[in-house]
There are 2 protein chains.
Amino acid sequence: MRDMISAELPNFMPLHRQVKEILLRRIANGWKGAGEALPSESDLAADLEVSLGTIRAALGLLAADKVLVRQQGKGTYVTLHDEARILFQFQRLTPDAQARQFPESQVLSVNTEPPDAGDQAQLGLAVGEQVVKLRRTRSLGGLTCITELITLPVVLFPKIEAQDLPNNLYEFYSVHYGVRIAKAVEQLKAVGATANDSGHLGVPVGTPLLQIDRVAVDLCDRPVERRISRCLTDDYHYLSKLE
Amino acid sequence: MRDMISAELPNFMPLHRQVKEILLRRIANGWKGAGEALPSESDLAADLEVSLGTIRAALGLLAADKVLVRQQGKGTYVTLHDEARILFQFQRLTPDAQARQFPESQVLSVNTEPPDAGDQAQLGLAVGEQVVKLRRTRSLGGLTCITELITLPVVLFPKIEAQDLPNNLYEFYSVHYGVRIAKAVEQLKAVGATANDSGHLGVPVGTPLLQIDRVAVDLCDRPVERRISRCLTDDYHYLSKLE
DNA sequence: CAGTGGTCTAGACCACAGG
DNA sequence: CTGTGGTCTAGACCACTGC
């Protein structure tokens, strides 16, 4: 078994970490789709020829990374990017007085363009590589409060201009392009509304907005989406947990 | 053993969770101070009459919660709130072009006052309970870029007005008042600079600032500090990881 | 009922720190 | 060298799910 693992993954690691990486790689390659069940612990243990405890450690790590969901008595499933999960993991903007909710979206335009310097760096693009820029506005509780500019490498998302884009993009990426968002890093700043923001949000130029510059990565930590959101925060706040 | 645990902690939980809670309670009560080493795994196992694996699971949970730090070959230690750790866990405001650094502080005033409605709710104060309000400014790389208002229940921090307050408050709380900050929740908004902000930061009234409203809790999840920071973000950003 | 994941145990061996 | 935590194993029993 150690030999088999070494063949699949040369570098040294504890066994349970190696098992984790093997399973992660398999999942990233489409071995099991979102929502599908993995084989049982004992089947996996037999398959990979390691003990149950080692398999459990690996599955536990993947569950902690939110790649898998485990349910006693049922099985282990590949995480589904349904709205509830997106809301929990990625939607940090919350109404001050109510529960978190999924924002509605209105697409403004979709264009293939050359990337700017920031896109180039954040998405790790090859020289000359083109990107798709998706502009939209979003509303929470009926009030338009976000302008959004989404940048995607055209290589990963061919012909996305022709598609009908839903509200929940991460689920859409997964279903139509096999691109699964695993996590993201956001940089926040306070900025003044531009003329463009002003028109869409109905506030004066210079109004303080919360700008969120997000880079989302897939299961293998490759950056696949950049998203700049500019949000009105009079009745909303961004929630951040430090633990 | 089960009976002994039941005596210390009546409600049902898996054994390793119970062990975790027992150790957490002991630490919160000053059993071991910040930086001190815990007994070895086998000593703890013998003491609590559970298997090594169970002790390891409990210690692993506490390490994941950053209450403990484990070092192979040395031992298990209560987490120390040194600058490096504070920087890593609580200092999310980062220069755009440089590494994270610890901000310098200038104390403006320290006063005992009645709490406002927000303090009352966020800190879970008893009716009529007084608070200490600490106002200061902070600078990163020589430039004053943050105004800060810190609110503390006077019950937990008696005579703090008379103390000389250092830059690293969380370490100070731990050493002088036995209050150990474990984690925090922050609510972020974009706001316009007030006349007060304007004076301290040297920017026009209305300049967009990032307002961070933090409530920090101790090991037992009791809120112990509220802190409202208003930050210039021209050359800084707030880093948030979604995982 | 059978099959799943959840918990607990006991014991072995390894890697590392420090005298 | 001893003692620490880190890893791996094997096997037992429990709790939950769904037929």
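Given the structure is predicted, the values throughout are model-derived calculations rather than measurements. Chain A is the first sequence line, chain B the second, and so forth, proteins listed ahead of strands; every chain is numbered from 1.
- A side-chain donor-acceptor contact under 3.5 Å links Glu36(A) to the backbone of Gly33(A).
- Remark: C1' of dG5(C) and CG of Leu61(A) are 16 Å apart, rounded to the nearest angstrom.
- Residue Val50(B) places its side chain closer to dT9(C) than to any other of dC8(C), dA10(D), dT9(C).
- Listed by chain and number, the residues in a side-chain hydrogen bond (donor to acceptor under 3.5 Å, both in side chains) with Ser240(A) are Tyr238(B) (sequence neighbours excluded).
- Side-chain nitrogen and oxygen atoms of Thr54(B) include none within less than 4.0 Å of the OP1 or OP2 phosphate oxygen of dT7(C).
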Which pairs would a plain distance check flag for residues 53-60 of chain B, meaning a side-chain donor or acceptor within less than 3.5 Å of a matching protein atom at least two apart in sequence or in another chain?
{"residue": "Thr54(B)", "atom": "OG1", "partner": "Ser51(B)", "partner atom": "OG", "Å": "3.3"}
{"residue": "Arg56(B)", "atom": "NH1", "partner": "Glu41(B)", "partner atom": "OE1", "Å": "3.4"}
{"residue": "Arg56(B)", "atom": "NH1", "partner": "Glu41(B)", "partner atom": "OE2", "Å": "2.5"}

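- Within the structure, the ring-ring contact (aromatic ring centres under 6.0 Å, His included) test picks out the following pairs touching residues 45-98 of chain B (sequence neighbours left out): Phe90(B)-Tyr170(B).
- Atom-to-atom, CE of Met13(A) to P of dC8(D) comes out at 12 Å; the value is rounded to the nearest Å.
- Going from atom CG of Leu52(A) over to atom C1' of dG11(D) covers 10 Å, rounded to whole Å.
- The distance between atom CD1 of Ile55(B) and atom C1' of dG11(C), rounded to the nearest whole Å, is 17 Å.
- In this structure, CZ of Arg17(A) is placed 16 Å from C1' of dC8(D), rounded to the nearest angstrom.
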Please tabulate the protein-to-nucleotide N/O contacts below 3.5 Å involving nucleotides 3-6 of chain D, giving atom names and distances.
{"residue": "dG3(D)", "atom": "N2", "partner": "Gly73(B)", "partner atom": "O", "Å": "3.0"}
{"residue": "dT4(D)", "atom": "O2", "partner": "Gly73(B)", "partner atom": "N", "Å": "3.2"}
{"residue": "dG5(D)", "atom": "OP1", "partner": "Thr76(B)", "partner atom": "OG1", "Å": "3.3"}
{"residue": "dG5(D)", "atom": "OP2", "partner": "Glu41(B)", "partner atom": "N", "Å": "2.9"}
{"residue": "dG6(D)", "atom": "OP2", "partner": "Arg56(B)", "partner atom": "NH1", "Å": "3.3"}
{"residue": "dG6(D)", "atom": "OP2", "partner": "Arg70(B)", "partner atom": "NH1", "Å": "3.1"}
{"residue": "dG6(D)", "atom": "O4'", "partner": "Gln72(B)", "partner atom": "NE2", "Å": "2.7"}

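- Between Leu15(B) atom CG and dT9(C) atom C1' the separation is 11 Å, expressed in whole Å.
- Scanning for ring-ring contact (aromatic ring centres under 6.0 Å, His included) contacts around Phe102(A) gives an empty result, with sequence neighbours left out.
- Every side-chain hydrogen bond (donor to acceptor under 3.5 Å, both in side chains) that Glu148(B) has, sequence neighbours left out, goes to Arg136(B), Ser229(B).
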